[in-house]
Amino acid sequence: MSVLDGRLTALRGQAREWAADFRAAALELDRDPGLVADHLDLPGVRCLSTFGVPPAFQVDPPTVGPYRFDGTNGLERAVVLEEFAAGDIGMTLAAPGPSMSGVLVAKLGDQEQQEWFFGRMTAAPTWTCFALTEPERGSDASALGTALREEDGELRLTGAKRYVGNAARARYAAVFARTRPGPLGVTAVLLDTEAEGYHAEPLDSLGIRGAQIGAVTLNGVRVDRDRVLGRHLSPARRGIWASLQVFNELRPSVAALALGIAGAAHAYVREHYAGALGEDRDRIEVLGGRIAATRALVHRAAAAVDATGDGYLASAAKARACALAEETTLAACDLLGPAARLSHPLLDKLVRDARGVEFMEGTRNIQHLNLFQGMRSGRVGA
């Protein structure tokens, strides 16, 4: 899967062209994440605003030459997001669009719910957020404390979420909550964030500042019954199962984001240390080879998720890509000298972003555990 077909090659070239706009605004957005509102007309941001909307709900499907794409295919997402992250991961994650919530709605939503949600994505650029992680509990769906309860004939949501990308910007939120004890008591709902009792505020962060990662407080938020996702499915096919499926599907995308950061750092050091000789030149070339090898792994993992839904190989890709992003950015600093982070603000940003992406969709230890389970079960070969 290291060789892309004509359609994906064309898509990659177009994404790379759009990513140049992201790079031009990267430091500005890092200083003030609110400035994403000034960049909604960028072609790449417009692409992301409907990226992930299924073809059935696309009003005007995006095209590159003779090819159509919609971002619902994992390999397609990996190709686009690597290029966008090489431009700027902050702008990539700050852009409006269905994002993780869209994957969840596509998996769990019935026809009416999908029409309601995706119709809003195509009507105008709209921010969404995916709220699973909780204070003191992390992203363990089985340990959720947020509760969905019936009070006076209405469903009410109470609890807290943390480390939620675009939480303070989002107009719609996909929120996981518990209705009763046990693994079958977890469900997901769609919220209009303008509802009374919903409050979100940004958290301070060093990396990926454009995504404006935030904390959410839910104080008796009223939930429409027709916004409970998976209502037409058995309890075993929603809740914890759904969160795992979303993570499996998006894990190659996170790996691609990390790979984009590594690629950006590699390109940066090649540009600013063009005269490298000897060991330094060899070191830069080795990094380039490792990036290419990791890209092949990411593409293979994305294809595996598309084919089977298994995220085991994607865990290997995510762990390797995140490690490579950190190693490449730090190597670039070393190659450019002791004051590199002070004299190269964009490189400093890449270092911070590389560390931040490690915590997206599970840290390296979690990915290693998941990969081990896949190898032990025989679903991932040696």
Next item on the list: Tell me whether Leu40 is reachable from Val80 by hopping between hydrophobic residues (I, L, V, M, F, W, Y) whose side-chain heavy atoms are closer than 4.5 Å.
Entry: yes
Notebook entry, point to check: Any idea which heavy atoms bring Leu81 and Ser253 closest together, and the distance?
Noted result: CD1-CB, 3.6 Å
Margin query: Please check this pair: side chain of Ser377 against backbone of Gly374, looking for a donor-acceptor N/O pair closer than 3.5 Å.
Written below: yes
Next item on the list: Evaluate the side-chain proximity of Ile291 to Leu259: yes if any heavy-atom separation is below 4.5 Å, no if none is.
Entry: yes
Item checked: Among Arg352, Arg320, Arg364, salt bridge (charged side-chain N to carboxylate O under 4.0 Å, His left out) partner for Glu358 -> Arg364
Item checked: Electrostatic pair Arg227-Asp192, nearest N-O below 4.0 angstrom -> no
Note to self: With a 6.0 Å cut-off (strictly less than), is the heavy-atom count around CD of Glu279, excluding the residue itself, greater than 12?
What the structure shows: no
Checklist line | Spacing of Arg178 atom CZ and Leu144 atom CG [to the nearest 0.5 Å] | finding: 6.0 Å
Next item on the list: Quick one: sort the Tyr172 and Phe117 rings into parallel, tilted or perpendicular, breaks at 30° and 60°.
Entry: perpendicular
Next item on the list: Find the distance between NZ (Lys349) and OH (Tyr268) and round it off to the nearest 0.5 Å.
Entry: 12.5 Å
Next item on the list: Indicate, with yes or no, if Leu108 and Phe118 share a hydrophobic cluster defined by side-chain heavy-atom contacts under 4.5 Å among Ile, Leu, Val, Met, Phe, Trp and Tyr.
Entry: yes
Next item on the list: List the steps and the verdict of side-chain contact (heavy atoms from CB on, under 4.5 Å) for Phe22 and Leu42.
Entry: CA-CA 8 Å; Phe22 289 14; Leu42 293 180; 4.3 Å; yes
Check: Could you give the distance from CD (Gln58) to OG1 (Thr50), rounded to the nearest 0.5 Å?
Finding: 4.5 Å
Check: How close do Pro252 and Ala78 get, heavy atom to heavy atom, and via which atoms?
Finding: O-CB, 4.5 Å
Note to self: Determine whether a donor-acceptor pair (N or O, by modelled atom type, separation under 3.5 Å) exists between the side chain of Arg209 and the backbone of Asp30.
What the structure shows: yes
Next item on the list: Determine whether more than 12 heavy atoms belonging to other residues, nucleotides or ligands lie under 6.0 Å from atom OH of Tyr163.
Entry: no
Check: Going by heavy atoms in the side chains, are Glu76 and Asp70 under 4.5 Å from each other?
Finding: yes
Item checked: Stepwise side-chain contact (heavy atoms from CB on, under 4.5 Å) check, Val79 with His299 -> CA-CA 8 Å; Val79 168; His299 291 175; 4.1 Å; yes
Item checked: For Asn219, all residues meeting side-chain hydrogen bond (donor to acceptor under 3.5 Å, both in side chains), sequence neighbours excluded -> none
Next item on the list: Run the salt-bridge test on Asp353 and Arg355 with the 4.0 Å N-O cut-off and return the result as yes or no.
Entry: no
Check: So, Thr363 versus Asn365: side-chain donor-acceptor pair below 3.5 Å or not?
Finding: no
Checklist line | Closest non-hydrogen atom pair between Thr92 and Ala85, with its separation | finding: OG1-N, 3.7 Å
Item checked: Common cluster, Phe247/Phe176, ILVMFWY with side-chain heavy-atom separation under 4.5 Å -> yes
Item checked: Note, Val351 side chain near Cys333 side chain (heavy atom, < 4.5 Å) -> yes
Notebook entry, point to check: Is atom CG of Leu206 surrounded by more than 12 heavy atoms (other residues, nucleotides or ligands) closer than 6.0 Å?
Noted result: no
Checklist line | Contact summary for Leu104 and Ala174, nearest pair of heavy atoms | finding: CD2-CB, 3.8 Å
Check: Can Ile261 be reached from Leu324 by stepping across I, L, V, M, F, W or Y side chains whose heavy atoms are under 4.5 Å apart?
Finding: no
Notebook entry, point to check: How long is the gap from CZ on Phe69 to CD on Gln14, to the nearest 0.5 Å?
Noted result: 7.5 Å
Checklist line | Identified side-chain contact (heavy atoms from CB on, under 4.5 Å) partner of Leu148 from the options Val175, Leu218, Val189 | finding: Val189
Margin query: Could you check whether any side-chain heavy atom of Glu28 comes within less than 4.5 Å of a side-chain heavy atom of Asp32, counting everything from C-beta outward?
Written below: no
Checklist line | Note, Val223 side chain near Leu191 side chain (heavy atom, < 4.5 Å) | finding: yes
Next item on the list: Using a cut-off of 6.0 Å, state whether more than 12 heavy atoms not belonging to Arg225 lie near its atom CZ.
Entry: yes
Checklist line | Main-chain N/O of Thr146 paired to Glu134 side chain as donor or acceptor, under 3.5 Å | finding: yes
Note to self: To the nearest 0.5 Å, what is the distance between CG on Asn73 and CG on Leu8?
What the structure shows: 7.0 Å
Item checked: Spacing of CZ belonging to Arg120 relative to CZ belonging to Arg171, to within rounding of 0.5 Å -> 8.0 Å
Notebook entry, point to check: So, for Ala95 and Asn166, which heavy atoms are closest and what is the spacing to 0.1 Å?
Noted result: O-ND2, 4.4 Å
Next item on the list: Apply the test side-chain contact (heavy atoms from CB on, under 4.5 Å) to residues Leu336 and Tyr273: give CA-CA distance (whole Å), side-chain angles for both, the deciding distance (0.1 Å), then the verdict.
Entry: CA-CA 7 Å; Leu336 292 175; Tyr273 192 15; 3.8 Å; yes
Next item on the list: Looking only at non-hydrogen atoms, find the nearest pair between Pro96 and Pro125 and report the distance.
Entry: CG-CB, 3.8 Å
Notebook entry, point to check: Do other residues, nucleotides or ligands put more than 12 heavy atoms under 6.0 Å from the CG atom of Asp5?
Noted result: yes
Checklist line | Short side-chain donor-acceptor distance under 3.5 Å, His232 and Gln113 | finding: no
Check: Taking the side chain from Thr126 and the backbone from Ala124, do they hold a donor-acceptor pair closer than 3.5 Å?
Finding: yes
Item checked: Under 3.5 Å side-chain donor-acceptor pair for Gln245 and Glu249 -> no
Notebook entry, point to check: Do Arg156 and Arg222 have side-chain heavy atoms sitting under 4.5 Å apart?
Noted result: yes
Next item on the list: Step through the shown structure and confirm whether more than 12 heavy atoms of other residues, nucleotides or ligands are within 6.0 Å of CD on Glu112.
Entry: yes
Notebook entry, point to check: Within a reach of under 6.0 Å around CZ of Arg270, are more than 12 heavy atoms found that belong to other residues, nucleotides or ligands?
Noted result: no
Margin query: Within the structure provided, determine whether Leu93 and Met360 are in side-chain contact (heavy-atom separation under 4.5 Å).
Written below: yes
Check: Only one of Val305, Val246, Asn370, Val298 clears side-chain contact (heavy atoms from CB on, under 4.5 Å) with Arg251; which?
Finding: Asn370
Item checked: Trace of the side-chain contact (heavy atoms from CB on, under 4.5 Å) decision for Thr128 with Met121 -> CA-CA 9 Å; Thr128 63; Met121 298 301 105; 3.6 Å; yes
Note to self: Tell me if a side-chain donor or acceptor on Arg137 pairs with a main-chain N or O of Ala143 at a distance below 3.5 Å.
What the structure shows: yes
Note to self: Are Phe84 and Met91 packed together at the side-chain level, in the sense that at least one heavy-atom pair is separated by less than 4.5 angstrom?
What the structure shows: no
Next item on the list: Inspect the contact between Glu361 and Lys318 and indicate whether a charged nitrogen and a carboxylate oxygen are less than 4.0 angstrom apart.
Entry: no
Margin query: With a 4.5 Å cut-off on side-chain heavy-atom distances among I, L, V, M, F, W and Y, is there a chain of contacts connecting Leu244 to Leu132?
Written below: yes
